[in-house]
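Worksheet: one structure, shown below.
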Amino acid sequence: MRHGRTVIFHIDVNSAFLSWEAVYRLHHLGGKEDLRNMVSAVGGDMAMRHGIILAKSIPAKKYQIKTGETIVEARQKCPGLLLVPPNYGLYEKCSKAFMDILRQYSPAVEQYSIDEAFVDMTGTEGLWGDPLTAAVKMKDQIRDTLGFTVNIGISENKLLAKMASDFQKPDRVHTLWREELRDKMWPLPVSDLFFVGRATAKKLFSLGIYTIGELAHADPHLLKIHLKKHGEVIWAFANGMDVSVVQSEAPANKGYGNSTTIAFDVTDASTAKLVLLALAETVGTRLRAAKVRAEVIAVGIKSHDLSYASHQMTLQNATNITIEIHRCACQLFDQLWDGTAIRHLGIHTSRVKDGFNMRQLDMFDDTDYEKLERMDATIDRIRGRYGIDSVKRAAFIGSPIDHMSGGISREKRTVDYKKIGVN
Ligand SMILES: [Mg+2]
């Protein structure tokens, strides 16, 4: 019996965007072919010049097609690759239905990305049975009611649960308890360890470390010399140590926020700040549309190592100006960020005020806020009339980052299936 032990599930939708598209075509469009069994991928954003692969089928994986690479690269590896456009509106709906099922099992659900979540199942044995039984029930319920499959990893912490969900796919449940590390995780190549990227793996190879087990048994001081703080982090991971807790969402407070999971890991501040600009655009637009201003700006960072940090500041004057929100967000980001690769960024605003805005004068600040407000109002009007892409900040030209990220508008974008044709 594992009585009293912490039980964490990591649930990961198998080839999420692709599965969701496949299910939609089969069940709602009368499609006969299942994209999941074909050499196929979701590629987008087609409208942007630098389209990347967002998801691929298991058969496409055999051609070494990787999420995050460009469509051009993918086509070089496999000219016959069937590409389908992204449909964010559909993903939002599928994601929500998926999360709703998870919340039937436990109140402690942390949505980690659009298709991944951690659930703290500690103490639910009386309701759902032992962890393995509960996970099979959860997995089957998702498959039978929503039509797509998930993998569930079970362990006593988030890291090991996440490692376990990545074992053999699809439609599987795997445990990775601490006592199973030796058999199930240590024989794996070190590059399979969460948080070991290509560059880190290369350094580890040069130290003669090829498996996760070899890393676990390496001298942490030596790792620190060669890999700095990151060396200690991955050494702890290889030994199954992780103390982060499942962060259920904070109750929705009155405010306006937006966040985005980035398709690739952001490792430099300037890219992160560009993402923050895209978020400031959508948050600012929403505040202005509601004719309100916010006094508190907060930034949240979810890192590749599962940690989450957020920071907020109170402004002297409430604002809804895009570049002012962005300036605050960058300041918070600089205070917060420790250099860890970033998966997800968010801006949240609160203490919202409506009505007339009296700006307190600051003799050290000669910014013409009225002019900035007029500029935002003009941009909003143009976008309202000609679409959100009609005006774009120069910083986004040639960048793979959507200049209006995490927002309302993009998710409403749908696909014209008549034009594509579904088989
Ligand atoms: Mg997934």
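For this chain, numbers begin at 1 and follow the sequence in order. First listed ligand is number 1; within each ligand, the first listed atom is number 1.
With ring centers used as reference points, Y112 lies 6.0 Å or more from H344.
With sequence neighbours excluded, no residue forms a salt bridge (Lys or Arg N to Asp or Glu O under 4.0 Å) with K203. With sequence neighbours left out, the salt bridge (Lys or Arg N to Asp or Glu O under 4.0 Å) criterion links D120 to no other residue.
No other N/O/S atom of D115 lies as close to the Mg ion (ligand 1) as OD2 does.
Taking backbone and side chain together, E116 holds no N, O or S atom under 2.8 Å from the Mg ion (ligand 1). Look at A16 and the Mg ion (ligand 1): no N/O/S atom of the residue is under 2.8 Å from the metal.
Using modelled atom types and a 3.5 Å distance limit, the side chains of T175 and K184 yield a donor-acceptor pair.
If you put the vertex on the Mg ion (ligand 1), OD1 of D12 and O of V13 sit 90° apart, to the nearest 10°.
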